[in-house]
Amino acid sequence: MTEGTTSAAAEGADTLTRLEQEGEIAADYLEGLLDIADLDGDIDMDVEADRASVSIISDSGTRDLQKLVGRDGEVLEALQELTRLAVHRETGDRSRLMLDIAGYRAEKRAELSELGAKAAAEVKSTGEPVKLKPMTPFERKVVHDAVKSAGLRSESEGEEPQRFVVVLPA
């Protein structure tokens, strides 16, 4: 191995270790939260797309966990920010950790990928840009990725909370 290859491999291992540490800190924080709220749930940790990913799942049905998702994922978004703050407090580094509860984000990701693909297909057939409804940063990211995989480009326009995706012709 060359020196550049060795340092790149070491950097990748360091990044993986850091992300796993973020996941551990987040899991501990969320375990405490579940205990306080007297909710049952198992914590699953992973590293996906260069970010720590933590999921709360339950065998006893997701009805109780839906309280932690809230309407349109609002509570989930707030819990994700609180969890990121807990990680930041421990590590001193900004976290991009993703939190999923009861499969909410996984389902949302599938729906949004389909929306992005449909918008891309419409743009390809009409040649006209398509503006989508306002979305959260997470939702916009998923749509941008779907549009990119369809071979087109997209941009975000507007100001929060009314920021939206525009799918553009090639």
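Both L39 and V54 sit in one connected hydrophobic cluster of ILVMFWY residues. Membership requires side-chain heavy atoms under 4.5 Å apart, directly or through other members. V87 is not connected to M98 by any chain of hydrophobic side-chain contacts under 4.5 Å among Ile, Leu, Val, Met, Phe, Trp and Tyr, and they are in different clusters. Tracing side-chain contacts under 4.5 Å through hydrophobic residues (I, L, V, M, F, W, Y), one reaches V123 starting from L115; they form part of the same cluster.
Looking at H88 and S95, their side chains never bring a donor and an acceptor atom within 3.5 Å of each other.
The closest side-chain heavy-atom distance from I56 to I43 is below 4.5 Å. Q66 places a side-chain heavy atom less than 4.5 Å from the side chain of V69. At least one side-chain heavy atom of K108 sits under 4.5 Å from a side-chain heavy atom of F138. At least one side-chain heavy atom of E157 sits less than 4.5 Å from a side-chain heavy atom of F164. Within the 4.5 Å cutoff, the side chain of R84 has heavy atoms near those of the E81 side chain. Counting heavy atoms from C-beta outward, L152 and V167 have side chains that approach closer than 4.5 Å. With a 4.5 Å cut-off on side-chain heavy atoms, M45 and E24 count as touching. Taking 4.5 Å as the limit, some side-chain heavy atom of Y29 sits within range of a side-chain heavy atom of L82.
Shortest non-hydrogen contact noted between P169 and R153 is O-NE, 4.2 Å. The two residues G41 and L34 have their closest heavy-atom pair at O-CD1, 3.9 Å. For the pair G116 and V143, the tightest heavy-atom approach, listed with the atom from each and the gap, is CA-CG1, 4.1 Å. Between V75 and G70 the shortest heavy-atom distance is CG2-CA, 3.7 Å. The heavy-atom pair separating A150 from A120 by the smallest distance is CB-CB, 3.7 Å. The two residues L79 and L68 make their nearest non-hydrogen contact at CD1-O, 3.6 Å.
For the atom pair NZ of K131 and CD of E155, the computed distance is 11.0 Å after rounding to the nearest 0.5 Å. If you take CD on E90 and CD on Q21, they are separated by 8.5 Å, rounding to the nearest 0.5 Å. Summarising the geometry, atom OG1 belonging to T83 is positioned 11.5 Å from atom CD belonging to E22; distances are rounded to the nearest 0.5 Å. In this structure, the separation between CD on E128 and CG on L168 is 11.0 Å, given to the nearest 0.5 Å. For the atom pair CD1 (I101) and CG (D64), the distance works out to 12.5 Å, reported to the nearest 0.5 Å. Between atom CG of residue L85 and atom CZ of residue R94 there is a gap of 11.0 Å, rounded to the nearest 0.5 Å.
For D145, the side chain to side chain donor-acceptor pair (under 3.5 Å) partners at least two apart in sequence or on another chain are K141.
Atom CD of E160 has more than 12 neighbouring heavy atoms from other residues, nucleotides or ligands inside a 6.0 Å radius. Counted within 6.0 Å of NZ on K124, heavy atoms from surrounding residues, nucleotides or ligands total more than 12; the atom is thus considered enclosed. In the displayed structure, D35 atom CG is contacted under 6.0 Å by more than 12 heavy atoms of other residues, nucleotides or ligands.
For R51 (side chain) and L97 (main-chain N/O), no donor-acceptor pair under 3.5 Å exists by modelled atom type. Looking at R105, its side chain does come within 3.5 Å of a backbone N or O of L99 through a donor-acceptor pair. Judged purely by atom type and a 3.5 angstrom limit, D100 uses its side chain to pair as donor or acceptor with the backbone of Y104.
A salt bridge is absent between K118 and E122: the closest approach of a Lys/Arg side-chain nitrogen to an acidic carboxylate oxygen does not fall below 4.0 angstrom.
None of V165, L112, V147 except one satisfies the side chain to side chain contact (heavy atoms under 4.5 Å, CB included) rule with V142; the exception is L112.
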Problem set entry | Audit row: R140, S154, side chain to side chain contact (heavy atoms under 4.5 Å, CB included) steps and yes/no | CA-CA 10 Å; R140 290 193 309 270; S154 57; over 6 Å; no
